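Quick notes on the structure that follows.
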Amino acid sequence: MKKSLREIIMRAIERGRERGELADGPLPPVMLEYPKEERHGDYATNIAMTIASRQRRSPREVADIIVRWLEDEPGIIERVEVAGPGFINFFLKEDYWRHFLAEADRQGERYGAGGVGMGKKVLVEFLSANPTGPLHIGHGRIAAFGDVLANILEKVGYEVQREYYINDIGTQMELLGRSVYIRYLQEWEKKVELPTDGYRGEYIKEIARQFKETEGDKYLPLSEGEVVDLFGQKASEVILGWIKDDLKRFRVRFDRWYRERDLYREGLVTRILEELRKRGLVYEQEGALWFKSSLFGDEKDRVVVRANGTTTYFASDIAYHKEKYEREYNLLIDIWGADHHGYIPRMQAAIQALGYEKSRFKVILVQLVNLLRGGKQVSMSTRAGEFTSLREVMDEVGVDACRYFFMLRRAESPLDFDLELAKKQGEENPVYYVQYAHARIASIFKKAAEKEVKIPSFDEVDTSLLRLPQERGLAKRVAIFPEFLEGMALSLEPHRLTSYLQDLAGLFHGYYNRYRIISQDTEMTKARLLLVKIIKGVLRSSLELLGVLAPEQM
RNA sequence: GCGCCCAUAGCUCAGUUGGAUAGAGCGACGGACUACGAAUCCGUAGGUCGCAGGUUCGAAUCCUGCUGGGCGCGCCA
């Protein structure tokens with residue numbers, strides 16, 4: 001509907017030009033916004049202000065001319081005014097927003113689905129935490145963010161692939177293997193010490209004990225060199241199992257688990273190095289092979305093959321991203337922890353070097369979580385083994401509150417997560433506010449059922465009875481839901497959903513507290529039941545996008 | 001030293017891609033249940049949008065320079 005209003009405005013400008021009241025020239029896009037204050041109308045445009053200087057007239061004069069030539073063909077406008085420095089404010093007909101209730105009711109759960117993403121494919125790679133330790137709270141934030149973003153993209157029509165890239169090979173795996181091996185020996189009372197850079201977490205001992213039980217002493221006679229690889233592999237499978245369990249419990253779903261090992265197995269890493277060599281984009285220096293990333297905006301060149309002949313993670317990452325591009329997505333999204341930001345220029349360099357479109361590749365950095373316990377900082381190093389696992393937080397805080405809490409903040413905003421505070425928020429957490437609105441409506445329905453009142457659909461209801469400002473406001477929130485989803489998908493900012501929910505739930509609670517849904521007036525009762533039914537639906541699908549439960553009772 | 005991110009109410013944070021008198025939650029204070037759930041609602045108090053310039057009709061938002069905090073700068077990931 002924004003579109004038709006925009007056309008009305010553009011046609012008015014055209015007419016003004018034809019009559020010579022406005023000068024020709026390029027026309028900037030007509031921006032329509034929802035004014036914060038109701039007395040500024042339902043929509044406002046700043047077009048007069050943006051073209052005024054070129055017209056050599058004051059913004060208000062230009063606005064007056066545009067208003068004079070407005071023709072409201074669809075008949076949606078109640079009145080128009082020029083206000084402030086030159087805004088044109090549109091007040092729409094009283095029934096305007098209510099018309100959207102029909103759409104929302106007819107489409108039910110699908111309301112808001114489809115749109116900007118239709119016919120497009122997007123790959124969201126997120127989390128991709130190394131299988132060297134259990135997920136911690138910082139991973140949780142990225143997991144929630146990626147999952148919700150993917151949900152939203154899916155909602156607006158994209159075909160979404162969610163992918164987790166597993167670094168299951170290389171130096172980290174070796175170190176993991178060695179650490180478990182040492183612990184395994186210690187289980188057999190051998191006098192060996194963990195290397196200083198080894199993984200020190202309790203979970204390593206747990207895996208070692210598990211090995212002792214299932215495999216017995218059969219690795220004792222073998223040398224470290226013979227078993228490190230095996231231990232690393234087995235341990236990472238155990239850990240990956242934990243990760244998958246945690247994610248399942250955290251309601252995060254992946255379509256594909258992409259193994260770095262497979263890249264090697266299929267020769268993609270060798271092939272990418274070959275390709276770079278052919279293009280003259282690598283050179284040897286001090287025994288290592290360097291990629292000329294500085295040619296493409298990186299601050300310096302990067303090693304892809306070490307002097308000892310092993311490839312770096314960067315090399316397989318290039319191969320992986322090439323492979324992603326070849327799968328022909330319209331958009332490739334990588335979600336990384338902010339500590340990887342230095343990696344962006346080199347990845348972009350690699351993409352350009354291979355001749356791919358840089359604009360299709362987007363990296364979202366999620367700031368790390370600063371974990372506190374009772375105001376005291378907790379170290380988060382996996383290797384040091386001091387971390388608070390996602391599992392522990394899920395147990396303490398609950399999945400709903402935890403996910404909602406993460407989505408309250410923008411990705412770029414660092415997050416202080418105080419466990420004591422989060423637990424306290426178990427009572428005060430905004431998630432309950434929204435869930436309560438949903439449960440309340442469910443409760444109204446129960447009441448209606450007791451009174452044998454049917455929940456109506458749109459054609460059984462005279463919506464013109466809904467003329468309270470609150471009702472108009474609620475209808476408006478429902479009406480803008482689809483474009484709100486689009487906005488999040490285009491900006492890749494899923495955190496806005498919590499603001500929307502807060503706003504919608506707040507309006508509902510106020511309305512509920514002041515007016516009765518079920519009353520003696522049967523027509524009014526039907527109209528209001530329809531309205532809250534639709535609100536319940538929007539609450540529900542929004543919560544679903546957040547991966548938060550929408551309870552019928554609390 | 002260089003690069004990225006952050007700085008908005010006492011606290012935690014939003015702010016519709018540059019709009020009109022900057023908003024919410026928590027906390028504080030004062031009110032509202034004999035009718036659909038008080039996990040709610042209504043009201044009050046609380047601000048030099050880190051500082052200084054610049055861009056323009058208009059800046060929390062964009063540019064430059066500072067200050068403070070986080071992160072990164074390896075043949076680690």
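In this text the structure is predicted, and so the values were computed from the model without any measurement. Throughout, a chain's letter reflects where its sequence line sits, starting with A, and its residues are numbered from 1.
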Please confirm whether the shortest side-chain N or O distance from [X] to OP1 or OP2 of [N] is below 4.0 Å.
X: R302(A); N: G74(B); result: no
X: K36(A); N: U21(B); result: no
X: S413(A); N: A14(B); result: yes
X: Y436(A); N: C41(B); result: no
X: H438(A); N: G37(B); result: no
X: R514(A); N: A32(B); result: no
X: K300(A); N: G74(B); result: yes

How close or far is atom [atom2] of [N] from atom [atom1] of [X], stated in whole angstroms?
X: L368(A); N: C6(B); atom1: CG; atom2: P; result: 14 Å
X: F417(A); N: C13(B); atom1: CZ; atom2: P; result: 12 Å
X: N89(A); N: U21(B); atom1: CG; atom2: C1'; result: 15 Å
X: E450(A); N: C36(B); atom1: CD; atom2: P; result: 11 Å
X: Q502(A); N: U40(B); atom1: CD; atom2: C1'; result: 14 Å
X: L497(A); N: G15(B); atom1: CG; atom2: P; result: 13 Å
X: D298(A); N: C4(B); atom1: CG; atom2: C1'; result: 13 Å
X: L415(A); N: C13(B); atom1: CG; atom2: P; result: 7 Å

**OP:** Identify whether the distance between the nearest side-chain nitrogen and carboxylate oxygen of K324(A) and D317(A) falls below 4.0 Å.
**Re:** no
**OP:** Before accepting this row, confirm whether a basic side-chain N of the pair E486(A)/K155(A) lies closer than 4.0 Å to the acidic partner's carboxylate O.
**Re:**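 Salt bridge flag = no for K155(A) with E486(A).
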Reckon [X] touches a base, only the sugar-phosphate, or nothing at all at heavy-atom distances under 4.0 Å?
X: Q553(A); answer: base
X: Y165(A); answer: nothing
X: H509(A); answer: sugar-phosphate
X: L408(A); answer: sugar-phosphate
X: A83(A); answer: base
X: T498(A); answer: nothing
X: Q285(A); answer: base
X: A44(A); answer: base
X: R410(A); answer: sugar-phosphate
X: P414(A); answer: sugar-phosphate
X: A52(A); answer: nothing
X: F314(A); answer: nothing
X: D503(A); answer: nothing

**OP:** Please test R409(A) against R141(A) for side-chain contact (heavy atoms from CB on, under 4.5 Å), starting from the C-alpha separation and ending with a verdict.
**Re:** CA-CA 10 Å; R409(A) 287 149 175 78; R141(A) 184 181 188 187; 3.9 Å; yes
Which nucleotide in the list [options] gets nearest to the side chain of [X]?
X: R306(A); options: G15(B), C75(B), C36(B); answer: C75(B)
X: W290(A); options: G3(B), G37(B), C75(B); answer: C75(B)
X: Y433(A); options: C41(B), C75(B), A20(B); answer: C41(B)
X: M554(A); options: A39(B), C4(B), G19(B); answer: A39(B)
X: D339(A); options: C71(B), A20(B), G15(B); answer: C71(B)
X: E286(A); options: C57(B), C71(B), C75(B); answer: C75(B)
X: E412(A); options: C5(B), C41(B), G15(B); answer: C5(B)
X: R409(A); options: A14(B), C36(B), U12(B); answer: U12(B)
X: S443(A); options: C36(B), G37(B), U40(B); answer: G37(B)
X: H495(A); options: G15(B), U16(B), A20(B); answer: G15(B)

Subject >> U16(B) base stacked by F484(A) (centroids within less than 5.5 Å, tilt under 30°) >> reply: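 Given the distance and angle limits, no, they do not stack.
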**OP:** For F87(A) and G19(B), say yes or no: do the ring centres fall under 5.5 Å of each other while the ring planes differ by less than 30°?
**Re:**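 No; centroid distance or tilt outside limits.
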Original post:
Starting at the 5' end of RNA chain B, which residue's closest nucleotide do you reach first, G487(A) or G287(A)?
Top reply: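 Between the two, 5'-proximity favours G487(A).
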Original post:
Taking the nucleotide of RNA chain B with the closest heavy atom to each, which residue, Y512(A) or Y343(A), is nearer the 5' end?
Top reply: Y512(A)
**OP:** Please say whether the positively charged group of R79(A), taken as NZ for Lys or CZ for Arg, lies over the ring of F91(A), i.e. under 6.0 angstrom from the six-membered ring centre and within 45 degrees of the axis.
**Re:** yes
Would you indicate whether the side-chain heavy atoms of [Y] and [X] approach each other to under 4.5 Å?
X: L368(A); Y: N370(A); result: no
X: P345(A); Y: E299(A); result: no
X: V532(A); Y: F445(A); result: yes
X: I47(A); Y: I66(A); result: yes
X: L273(A); Y: I318(A); result: no
X: T132(A); Y: S236(A); result: no

**OP:** Taking syn as within 90° of 0 and anti otherwise, name the glycosidic form of C4(B).
**Re:** anti
**OP:** Determine if the base of U17(B) is syn or anti; take syn to mean the glycosidic torsion is within 90° of 0.
**Re:**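 U17(B): syn.
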Tell me the partner of [N], counting only Watson-Crick (N1-N3 plus N6-O4 or O6-N4) or G-U wobble (N1-O2 and O6-N3) with both under 3.5 Å; none if nothing fits.
N: C2(B); value: G72(B)
N: C33(B); value: none
N: U55(B); value: none
N: A24(B); value: U12(B)

Record whether the side chain of [X] comes under 3.5 Å of the base of [N] through a donor-acceptor pair of N or O atoms.
X: N46(A); N: G19(B); result: yes
X: H340(A); N: G72(B); result: no
X: R39(A); N: U21(B); result: yes

**OP:** Considering only atom C1', compute the distance from A45(B) to C29(B) and round it to an integer number of Å.
**Re:**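 Between the two C1' atoms, the distance is 8 Å.
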**OP:** Provide the distance between the two P atoms, one in C13(B) and one in C71(B), to the nearest whole Å.
**Re:**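 These two P atoms come out 16 Å apart once rounded.
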